[in-house]
Student: 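This is the structure I have questions about; it appears just below.
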Protein chains: 2
Amino acid sequence: MPKQATPLPHTVLGDDTTCCPPLAQQRVPADVATALAPAFKALGDPVRLQLMSMIASAENGEACVCDLTPAFDLSGPTISHHLRTLREAGLVEAERRGTWVYYRARKTVLSQLAALLASEGRTTAP
Amino acid sequence: MPKQATPLPHTVLGDDTTCCPPLAQQRVPADVATALAPAFKALGDPVRLQLMSMIASAENGEACVCDLTPAFDLSGPTISHHLRTLREAGLVEAERRGTWVYYRARKTVLSQLAALLASEGRTTAP
DNA sequence: TGTCAACCTAGACGAATGCCGAAGCAAGCG
DNA sequence: CGCTTGCTTCGGCATTCGTCTAGGTTGACA
């Protein structure tokens, strides 16, 4: 019975992760770096960066794979593979509705990454 | 005399790149994605993410390699290779002063990446 | 000048990545 | 029921990546 109710077995990053003292303000510990690096790695490919943008900027916050795939000169399986990478990095989540699969951006995670890179957080508490 | 004053031949990203309508607000064009992806890829490794943080959060905004290397269980050349990757991604710049080499974070670039990931920019201009 | 220390470059090698075609599920439709 | 369409998974290559050891190159100092 390896079939269990494990809805999203991947998803390393949680929505509630309080992981975000700006990178330039406080040294990132090794374990945090290990947890966050996959997210940056997932964004470190032009195709995935575009996919991420297309999903995040889509109309209802979600995009159908059938709209994403024809935007590239790549095979369906390859796009699927990139989407899987984004999913496993915790950057998007997928949902099947009828025939089509929709991807939604996890904006909380994006915000965490943005906060980590931001130079000016609130540099000094008065 | 192939020795020329070529201080930083790599450095893809410029300080003045106006590359940053938030990813979730407007679809990232292919050429922009191609230009930015290497920066994210460079951050997509735990060691480099820590290096980046150590450099960016260092005292005078710069860190000596001699301080960075012993912080990891890795050989000197490996650290040097990671620093080179960060340098070629335009995230840091290096300078030799006497015996030691100092790395400085290019905070402008970091801010650009942060702005790209930020969900809330100023969503609608009134 | 010789020597030492700090750092980079060169070359090698196993592991991971990006890509594809083929095959497998899932939904819908005849 | 079977066929078609949408998407994923599987198995395979060629390429890139992370790491190492060995060998420079640069600067300081006796």
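Just so it is clear: chains get the letters A, B, ... in the order the sequence lines come, proteins before strands, and each one is counted from 1. When reading the values below, keep in mind they use all heavy atoms of this one structure, side chains included, and skip hydrogens, waters and symmetry mates.
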Student: Please report the distance, rounded to the nearest Å, between CG in A/L86 and P in C/dT17.
Tutor: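 Distance, rounded to whole Å: 13 Å.
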Student: If you find the nucleotide of DNA chain C closest to A/V47 and the one closest to B/T99, which residue's nucleotide is nearer the 5' end?
Tutor: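 Whichever sits nearer the 5' end wins; that is B/T99.
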Student: Is a side-chain donor-acceptor pair under 3.5 Å present for B/S111 with B/T108?
Tutor: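 No, B/S111 and B/T108 have no side-chain donor paired with an acceptor closer than 3.5 Å.
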Student: Under the criterion salt bridge (charged side-chain N to carboxylate O under 4.0 Å, His left out), I'd like the reasoning laid out for B/E93 against B/R87: C-alpha separation, chi angles, the key distance, then a yes or no.
Tutor: CA-CA 6 Å; B/E93 49 194 6; B/R87 190 164 14 109; over 6 Å; no
Student: For the side chain of B/L74, starting at C-beta, report the closest nucleotide among C/dA6, C/dG18, D/dT19.
Tutor: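 That would be D/dT19.
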Student: Specify the separation, in whole Å, of atom CH2 of B/W100 and atom P of C/dC8.
Tutor: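 After rounding, the reported distance stands at 14 Å.
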Student: Verify the cluster assignment for A/V32 and A/L110: are they in a single hydrophobic cluster under the rule of side-chain heavy atoms below 4.5 Å apart?
Tutor: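 Both belong to a single hydrophobic cluster.
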Student: Could you tell me the separation between the CG atom of B/L83 and the P atom of C/dC7, rounded to a whole number of Å?
Tutor: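 Interatomic distance, CG of B/L83 to P of C/dC7: 10 Å.
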Student: B/R97 near the nucleic acid: base, sugar-phosphate alone, or nothing, with a heavy-atom cut-off under 4.0 Å?
Tutor: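 The answer is nothing, as B/R97 stays clear of every strand by at least 4.0 Å.
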Student: Side-chain N or O of A/H82 versus OP1/OP2 of C/dC19: is the shortest distance under 4.0 Å?
Tutor: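 So the side chain of A/H82 is within the cut-off, an N or O lying under 4.0 Å from OP1 or OP2 of C/dC19.
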Student: What is the separation between atom CG on A/D67 and atom C1' on D/dT5, rounded to the nearest whole Å?
Tutor: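 Distance, rounded to whole Å: 15 Å.
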Student: Round to the nearest Å and state the distance from A/H81 atom NE2 to D/dG12 atom P.
Tutor: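 Those two atoms, NE2 and P, are 17 Å apart.
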Student: Figure out the CZ/P separation between B/R87 and C/dC7, and round it to whole Å.
Tutor: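 Between P of C/dC7 and CZ of B/R87: 13 Å.
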Student: Mind checking if A/G98 touches a base, just sugar-phosphate, or nothing, with heavy atoms under 4.0 Å?
Tutor: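 Sugar-phosphate, no base atom in range.
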Student: Output yes when at least one side-chain N/O atom of A/R96 is less than 4.0 Å from OP1 or OP2 of C/dC25, else no.
Tutor: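 So the side-chain polar atoms of A/R96 never come under 4.0 Å of the phosphate oxygens OP1 or OP2 of C/dC25.
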Student: For D/dT16, does either OP1 or OP2 sit under 4.0 Å from a side-chain N or O belonging to B/K41?
Tutor: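 No, because none of the side-chain N or O atoms of B/K41 sits under 4.0 Å from OP1 or OP2 of D/dT16.
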Student: Are any of the side-chain heavy atoms of B/T85 and B/D45 separated by less than 4.5 Å?
Tutor: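 Sidechains of B/D45 and B/T85: no contact.
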Student: Minimum heavy-atom separation for B/F72 to B/L68, with atom names?
Tutor: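 Taking B/F72 first and B/L68 second, the nearest heavy atoms are CD1-O, 3.4 Å.
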Student: Is there a side-chain contact between A/S75 and the phosphate of C/dC20, meaning an N or O under 4.0 Å from OP1 or OP2?
Tutor: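 For A/S75, the contact criterion (side-chain N or O under 4.0 Å from OP1 or OP2 of C/dC20) is met.
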Student: Does D/dT8 have its OP1 or OP2 closer than 4.0 Å to a side-chain nitrogen or oxygen of A/R84?
Tutor: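 So the side chain of A/R84 is outside the cut-off, no N or O lying under 4.0 Å from OP1 or OP2 of D/dT8.
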Student: Let me know the distance between CG of B/D45 and C1' of C/dA15, rounded to the nearest Å.
Tutor: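 Rounded to whole Å, this separation is 13 Å.
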Student: Taking the minimum atom-to-atom distance to the side chain of A/P77, which one of C/dC7, D/dT8, C/dG18 wins?
Tutor: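 My answer, after comparing the listed nucleotides, is D/dT8.
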Student: Over all heavy atoms of both residues, which pair between A/K107 and A/A56 is shortest? Give the atoms and the distance, please.
Tutor: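 Minimum heavy-atom separation between A/K107 and A/A56: NZ-O, 3.4 Å.
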Student: A/E88 CD to C/dA16 P: how many Å, rounded?
Tutor: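 Taking CD of A/E88 and P of C/dA16, I get 14 Å after rounding.
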Student: Verify the contact: side-chain N or O of A/Y103 to OP1 or OP2 of D/dT8, cut-off strictly under 4.0 Å; return yes or no.
Tutor: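 So the side chain of A/Y103 is within the cut-off, an N or O lying under 4.0 Å from OP1 or OP2 of D/dT8.
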Student: Under 4.0 Å between a side-chain N/O of A/T78 and OP1 or OP2 of C/dC19, yes or no?
Tutor: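 No, outside the criterion.
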Student: Across the strands shown, which category fits A/I79 at heavy-atom distances under 4.0 angstrom: base, sugar-phosphate, nothing?
Tutor: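 The answer is nothing, as A/I79 stays clear of every strand by at least 4.0 Å.
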